[in-house]
Structure formats: C-alpha cells, structure tokens
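Values below: all heavy atoms of this structure, side chains included; hydrogens, waters and symmetry mates excluded. Order of listing sets the numbers, starting from 1, for every ligand and every atom in it.
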Amino acid sequence: MFTDLKSLHSEICSEDITDLFDRDPDRAATFSVRHETLLFDYSKTRITSRVRTGLTTLCEKRGVAAKRDAMFLGGRINETEKRAVLHTALRDPEGPELLVDGEDIRRPLRETLERMEDLARRVRSGAMQGPGGAFTDVVNIGIGGSDLGPVMATLALAPYHDGPRCHFVSNVDGAHIHDILQRIDPRTTLVIVASKTFTTVETMTNAGTARRWVEAGGGDPAQQFLALSTSEEETEAFGIPQEHVFGFEDWVGGRYSVWGPIGLSVMLAVGPENFRAFLAGGKSMDDHFLSAPWERNMPVMLALTGIWHNQVCGYPTRAVLPYDQRLRRLPAYLQQLEMESNGKSVAMDGSALPFPSGPVVWGEPGTNGQHAFYQLLHQGTSVIPAEFLVAAMGHEPELAHHHKLLVANCLAQSEALMRGRGLDEARARMRAEGYEGAELERQARHRVFPGNRPSTTLIYPQLTPYVLGQIIALYEHRVFVEGVILGINSFDQWGVELGKELANTLAPLLAGETSPDGKDGSTRALLDYVRGTKG
Ligand code: F6P
C-alpha cells in the first residue's frame with residue numbers, strides 16, 4: 001500500500017529540509033493547517049506537495065470519509081466487539097437525535113450530564129457533605145482510561161481548579177493508595193470508583209481498601225462513594241446507591257471516556273461551566289474533522305504525518321514534547337490512546353498486517369526533556385520525529401518572562417533538529433577555541449549535528465478548557481485516521497488480556513495455594529525468590 005510513497009521517499013530522502021524552505025518562501029503556510037485559533041505546522045518535515053497528494057490519496061483509497069461518517073452516526077465500527085464508537089456524542093449533548101439499537105442516546109446522555117453538574121455544584125458549594133463537613137478532597141480510583149484522561153485534564157486545567165483537591169489512585173501497588181490516603185481526612189473525602197466494567201482487579205482492590213479506610217476513619221461509604229460505570233449490576237453488588245451511580249454505555253471506549261461520567265473528577269475540580277467549555281472544544285474539532293478537505297483537516301494531516309514517518313520513512317517511535325508543564329501527563333495519556341488503539345498486528349479481516357502498526361509514543365515536557373534525552377534526538381543514530389506543543393501565552397502574567405524562555409526553547413529545538421550543524425562550522429568553532437590538527441578534527445566531529453530531523457509543532461493561544469478539548473479530540477481523530485489507513489480496529493484491546501489471565505493464576509501461586517507445575521523455569525525461580533523473602 002505504501003509502495004509509491006516509499007519510492008517517493010527514496011527519491012527525496014537525501015534532500016535537506018532547509019532547502020525546501022529556500023525553494024519555497026511560502027512553505028510554512030503551505031504545509032500547516034489552522035482550525036480556529038490552533039495552528040499545526042508540519043513544514044519542518046520532508047513532506048512535499050507530491051508526498052501530500054500521495055498521503056491524501058490513501059484517505060480516499062482506504063475509505064476514511066465513509067468510516068468517519070459511520071462512526072459519528074453510530075455504526076458498529078468496533079467489529080471485534082460489535083460495538084458502536086460514539087464518544088463524540090458525549091461532547092455534543094444537545095445534538096440531533098442519534099439512534100443506537102433504535103433508542104435515541106442524546107436524552108439519557110443529557111440527563112447524566114445534568115446529574116453530574118448538579119452533583120458537582122452541590123459538592124463544590126458544600127451543599128453535599130461528608131460526615132466531617134464539606135468535601136475537601138476527591139479520590140478518583142480507576143486505571144487506564146478511567147484514570148489517565150481525568151489526571152491529564154485535571155493537571156492541564158490547574159489554573160481553573162477551584163473545587164476540592166483531586167487525587168488519583170490507579171496502581172494496584174499498595175504504595176499508591178497508601179501514600180494518598182495518609183494525607184487526607186476519611187470524613188471529608190469523596191471517593192469516586194471509576195471503572196467502565198467495574199471488575200478491573202486493580203480498581204476493585206483499591207476501592208475495597210478505600211472503603212475500609214473510610215469506615216475505620218469514622219466516615220460513611222453510603223454518603224462518600226460514587227461509581228462511574230456501564231455496569232449497574234456490579235455497582236449495586238459493591239453497594240453503591242443508585243443515586244450515586246453515573247452510568248454510560250459500551251459505545252464509549254475506556255481511553256475515549258474523559259468526556260462523560262469518567263470526567264467527573266475534572267468537573268468537580270474546574271466546575272460544570274469549564275467542563276462544558278472542554279466539551280465544546282472537542283465538538284469544534286469534531287465539526288472541523290467532519291467537514292474540512294483532507295489538506296486543511298488538522299486531524300487528517302496530523303495522522304498523515306504520522307503515517308509518513310512511521311510506515312513510509314520507517315521511524316518506529318515518535319516523541320510528544322509539550323512545552324507546557326501542565327500537559328506533563330499528556331504523553332502518558334497519548335501512550336494509551338495511540339498504543340492501545342493502534343498497536344495491533346492483525347487487520348480487521350483477521351489477516352496479518354503487512355506493514356508496521358502504530359508507533360511507540362513517548363515523551364516528557366520541555367524544557368526538562370532537553371536536559372535528559374534530547375541528546376539522542378539530536379545526535380543519536382535513530383531518527384525520532386518530534387511533536388512539539390506550546391501555548392503562545394501562559395496563565396501567569398507576572399511570569400511572562402518565563403513563558404518567553406519556554407517558547408524560545410521550543411522553537412529553538414525544532415530549528416536545531418532541522419538545521420543541524422555541519423562539520424565545517426564545528427571545525428571553525430573548535431579552531432576559535434584554540435584547537436588544531438588531529439585533535440581539532442576529533443573534537444569537531446563530536447560537535448556535529450546531522451540535522452534534517454523532522455518535527456511538527458502544534459501551537460495554541462493559551463491552554464484553556466476549550467483548547468484542551470480541541471487538542472484531545474484532535475489526537476483521538478488522528479488515531480482514528482491512522483487506524484483506518486492501516487486497516488485495523490482501533491477500538492478493541494485484546495492484547496491486554498493474556499497478562500491479566502496469567503496474573504490470576506499467579507496470585508494463588510504466590511500465596512502457596514497451588515503448585516507451580518506447568519510454569520516455566522524462570523517464572524518458578526522468581527516465585528521461589530518472592531516466597532523465600534521474609535519481611
Ligand atoms: O486493561 C485495559 C483496559 O481495559 C483499558 O482499555 C481500560 O481503560 C482500563 O483497562 C480500565 O478498564 P475499566 O474502566 O473497565 O476499569
């Protein structure tokens with residue numbers, strides 16, 4: 001499928017990206033996309049007009065438009081689980097009738113959103129209290145999509161956070177819940193158990209521990225526990241009263257769920273109005289995705305840049321580098337969104353995928369990363385496309401000089417990756433420092449930057465709830481488009497199952513309840529080590 005693009009790549013791969021700018025003074029404008037206040041610049045890549053035409057042709061060949069429309073209209077595009085994929089409906093509660101199995105989903109969706117808003121207002125105003133008075137703290141217990149979205153968004157929206165303090169427990173490692181519970185009051189803490197299935201072992205173990213902590217501390221779980229789940233049966237079995245349950249349907253995938261009840265902790269933190277602005281930002285990206293032509297469609301061009309770098313150029317990883325400290329959990333959030341969605345080796349029809357699946361996604365905020373792994377980005381032997389994100393303006397006018405430095409560093413990095421520094425320039429520098437002969441030559445080579453390393457930049461005015469909504473929906477649709485082009489199901493995650501099943505067999509082995517026969521030698525030796533360790 002990528003043959004033509006690969007031959008185009010071999011024709012142009014020795015060209016300097018800087019030459020593309022020299023030849024085309026309008027390159028920055030031609031190879032960037034705007035949507036409302038957002039600007040996505042992919043001009044510091046080797047994508048040319050011919051490449052872009054080849055890439056957009058893939059959208060036609062692979063039926064991106066039809067699949068996209070089917071998704072928005074409730075088609076069962078998650079074929080291996082036979083489910084619709086309708087997280088987009090969560091950010092459009094006032095939209096027209098939308099039928100799933102003959103039922104309009106908008107009305108219940110609006111009702112749940114209004115119940116969430118009512119609860120958030122009561123908690124935030126102190127009208128709803130725990131046994132110890134107004135709620136001072138919220139603990140969201142969840143994992144994967146029931147954790148990463150809420151954590152990422154709550155941190156991102158810190159300047160808008162005027163509700164109770166929010167804490168997030170995800171890991172089954174007791175250290176996680178221990179370290180959080182020890183610093184809060186069991187009588188003024190609201191516990192949210194967030195789990196689509198309400199059977200996830202980590203979440204249910206942590207929820208049980210939290211309930212015992214509330215009871216032991218003089219609290220009342222009946223007043224202090226909320227559940228966010230698709231399973232009425234499981235939440236009831238756990239003992240959470242119906243009025244404390246916020247339900248959703250199986251057409252909301254875990255990693256796409258921050259827009260609905262799973263986002264309740266975000267709403268408690270920033271308030272219903274800001275949460276609505278977050279939803280509106282997501283919807284604005286949906287409308288753009290649905291209507292803009294491929295070349296001016298931001299999620300599509302972000303996806304095609306990814307396809308170009310991974311499947312065509314053969315770069316297996318991508319670095320996400322937010323120059324925005326409050327987006328520090330965005331790389332982790334995107335790891336789940338992208339790798340759980342597109343890390344598949346089987347096509348929708350069950351055949352083996354004939355090309356690499358989605359890339360490894362990783363990253364850290366700038367400028368911290370500059371003092372850690374950027375060495376490899378600039379001088380390592382692997383080419384790693386970098387995706388920068390930065391706001392033109394911070395939230396702290398009194399610290400505007402910090403923000404200028406932050407932006408300067410972000411722009412400097414993408415320039416340095418592209419421009420590099422040749423041997424002649426490195427030699428001249430060393431000569432100026434007094435080196436000569438063989439030592440000059442040796443020292444100069446260490447100071448060469450190959451350059452020509454591609455990067456993209458997403459720039460936005462300020463990280464508001466609306467803009468955050470736009471950014472998250474942008475990445476969701478990017479993953480969708482890449483998945484359709486690759487011909488995989490981006491909405492299942494069978495790859496997480498085997499490890500979970502084996503953990504169930506290992507827990508009784510660790511307790512010495514069953515025999516390790518049938519386990520491999522390494523696993524048996526590790527079990528022996530643990531069982532032989534006395535506290
Ligand atoms: O193990 C993977 C996974 O199923 C994710 O897809 C999901 O976000 C996470 O576990 C948590 O699942 P739940 O919300 O059902 O507890």
- Heavy-atom donor-acceptor pair, T203 side chain to T199 backbone, under 3.5 Å: no
- Message: Applying ring-ring contact (aromatic ring centres under 6.0 Å, His included) as the test, list every pair that has at least one member in residues 204-234; sequence neighbours left out.
- Response: none
Anything under 3.5 Å between an N or O on ligand 1 and a protein N or O? List each pair with its distance, or write none.
unit_1: ligand 1; atom_1: 1 (O); unit_2: K500; atom_2: NZ; d: 3.2
unit_1: ligand 1; atom_1: 6 (O); unit_2: E340; atom_2: OE1; d: 2.8
unit_1: ligand 1; atom_1: 8 (O); unit_2: G145; atom_2: N; d: 2.7
unit_1: ligand 1; atom_1: 8 (O); unit_2: Q336; atom_2: NE2; d: 3.2
unit_1: ligand 1; atom_1: 14 (O); unit_2: S146; atom_2: OG; d: 2.7
unit_1: ligand 1; atom_1: 14 (O); unit_2: K196; atom_2: N; d: 2.7
unit_1: ligand 1; atom_1: 15 (O); unit_2: S195; atom_2: OG; d: 3.4
unit_1: ligand 1; atom_1: 15 (O); unit_2: K196; atom_2: N; d: 3.4
unit_1: ligand 1; atom_1: 15 (O); unit_2: T197; atom_2: N; d: 2.9
unit_1: ligand 1; atom_1: 15 (O); unit_2: T197; atom_2: OG1; d: 2.6
unit_1: ligand 1; atom_1: 15 (O); unit_2: T200; atom_2: OG1; d: 3.4
unit_1: ligand 1; atom_1: 16 (O); unit_2: S195; atom_2: OG; d: 2.6
unit_1: ligand 1; atom_1: 16 (O); unit_2: T200; atom_2: OG1; d: 2.5

- Message: Looking at every heavy atom in both S146 and A194, which two are closest together, and how far apart are they?
- Response: CB-O, 3.2 Å
- Message: By the salt bridge (Lys or Arg N to Asp or Glu O under 4.0 Å) test, which pairs, at least two apart or in different chains, include something from residues 75-87?
- Response: R76-D101, E81-R83, R83-D250
- Message: Going by salt bridge (Lys or Arg N to Asp or Glu O under 4.0 Å), name the pairs with one or both residues in residues 160-171, residues two or more places apart or in two chains.
- Response: R124-D162, D137-R165
- Can you label the angle between the H477 ring and the F72 ring as parallel, tilted or perpendicular, going by 30° and 60°? tilted
